[in-house]
Amino acid sequence: MPSALSTPNIALIKYWGNRDEALRLPKADSLSITLDSPRVEATVEPSGAFTIESFDAAGMRQPQSKQSIDRLMNHWRLSREYAHSINAELPSSVSVVIRSGVPQAIGIASSAAVFSCLAEAYAALASRPLTRQEVSIIARLGSGSAARSVLGGFVALKNVKSDAFDGAVAQQIADEKHWLLHDIVIVPSREEKKVGSTEGHAMAATSPLFDARIKAIPNRMEECTDAIRTKDFEKLQRVSEEDALEMHRVMETQSPPLHYLNDETHRLLKEIESLRRNQHIEALYTMDAGPTVHVICTEEARKAIEEFAEAQKGCVIFKTKIGAGSRQL
Ligand code: PMV
């Protein structure tokens with residue numbers, strides 16, 4: 001039975017807002033670091049009807065909401081349509097078993113890991129081998145950011161001139177051996193968020209700040225790519241933090257507003273800024289759709305950041321680093 005594994009990624013230039021909601025074609029490009037953990041594994045098998053079973057890291061069965069089942073079924077339907085359009089037929093239906101070490105809905109990209117893993121597993125059922133870009137398109141049809149977890153290292157999701165399935169694809173900027181960066185993830189609250197990113201993207205353009213942000217992204221993509229290629233941490237920090245804070249200002253001013261960051265997040269950001277100032281540490285922060293703070297740092301800074309993270313009372317910590325992306329097992 002085909003199996004695959006994948007991991008989350010953390011965006012430095014964030015994806016927020018689509019030009020096509022159904023196909024999850026982003027309004028602007030984005031850029032992330034693929035992480036090496038936590039892992040998601042999926043096993044798929046052709047079957048008479050679409051079924052899904054899900055287990056957590058401890059092997060406990062995870063009940064799936066109707067919304068989640070509908071999203072997975074819709075992704076399978078789109079994956080088949082896309083596969084058909086590129087002469088790589090998929091079976092009529094499939095049974096899926098997911099084992100996930102990624103806690104859901106707290107801002108560590110569980111959907112990115114799950115949909116890139118499914119894309120990889122579905123690819124193993126196709127009537128011909130798929131390219132990495134084709135696998136990234138299948139991942140994107142479930143979650144835009146998932147397209148980036150298909151490749152390792154530093155990965156951009158780039159728009160191309162097409163309004164069809166292939167209108168945005170993942171491209172590797174540099175592989176995972178280029179620059180050893182860590183992501184020390186500090187989770188201040190395990191309360192599941194009420195509004196997920198799928199609904200959030202759809203309302204992004206209602207923010208008065210949205211258009212200016214979309215215009216600013218091409219320059220930021222260039223700066224971020226350059227900072228990665230030249231390993232200029234200070235530049236990476238400036239452009240990534242600017243972009244993360246701006247995405248949250250868009251979220252907070254769209255209607256209805258989305259307030260993903262809480263008081264704990266803001267306290268952590270202030271403390272990271274003063275730690276960095278006082279100890280000249282190479283560390284930057286970024287936050288996705290949740291209060292979780294990702295502290296990206298160099299190998300030299302890792303110990304100090306881990307100590308800082310471990311000293312945060314009531315927070316759950318994940319220690320991850322740059323990884324190789326999804327693959328078939
Ligand atoms: O892939 P989605 O639909 O879950 O959107 C993710 C959006 C952010 O995580 C907030 C930013 C990003 O680029 O990952």
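Each ligand, and each atom within it, is numbered from 1 in the order the structure gives.
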Taking non-hydrogen atoms only, is Ser143 closer than 4.0 angstrom to ligand 1 via side chain, backbone, both or neither?
-> both

What atoms of ligand 1 come within less than 4.0 Å of a heavy atom belonging to [X]?
X: Ala11; result: 12 (C), 13 (O), 14 (O)
X: Ser111; result: 4 (O)
X: Gly144; result: 1 (O)
X: Asp288; result: 9 (O), 11 (C)
X: Lys14; result: 13 (O)

What about Val94 and Leu72, same hydrophobic cluster or not, with Ile/Leu/Val/Met/Phe/Trp/Tyr joined at side-chain heavy-atom distances under 4.5 Å?
-> yes

Quick one, [X] and [Y] - any side-chain contact, counting heavy atoms below 4.5 Å?
X: Val114; Y: Val102; answer: no
X: Ile98; Y: Phe55; answer: no
X: Met287; Y: Leu245; answer: yes
X: Arg220; Y: Lys14; answer: no

For [atom], what's the nearest protein heavy atom and its distance?
atom: atom 2 (P) of ligand 1; value: Ser197 OG, 3.5 Å
atom: atom 8 (C) of ligand 1; value: Tyr15 O, 3.9 Å
atom: atom 5 (O) of ligand 1; value: His201 NE2, 2.9 Å
atom: atom 14 (O) of ligand 1; value: Arg148 NH2, 2.8 Å

Proximity winner for atom 1 (O) of ligand 1, if only heavy atoms of Ala244, Ser32, Ser145 are counted = Ser145

Ligand 1 and Thr198, any nitrogen or oxygen pair closer than 3.5 angstrom?
-> no

Does the side-chain contact (heavy atoms from CB on, under 4.5 Å) test come out yes or no for Arg19 and Asn159, once each step is laid out?
-> CA-CA 10 Å; Arg19 62 189 168 95; Asn159 273 304; 2.9 Å; yes

Charged N-O contact under 4.0 Å between Glu53 and Arg61 | yes

Are Asn74 and Arg77 linked by a side-chain donor-acceptor pair shorter than 3.5 Å?
-> yes

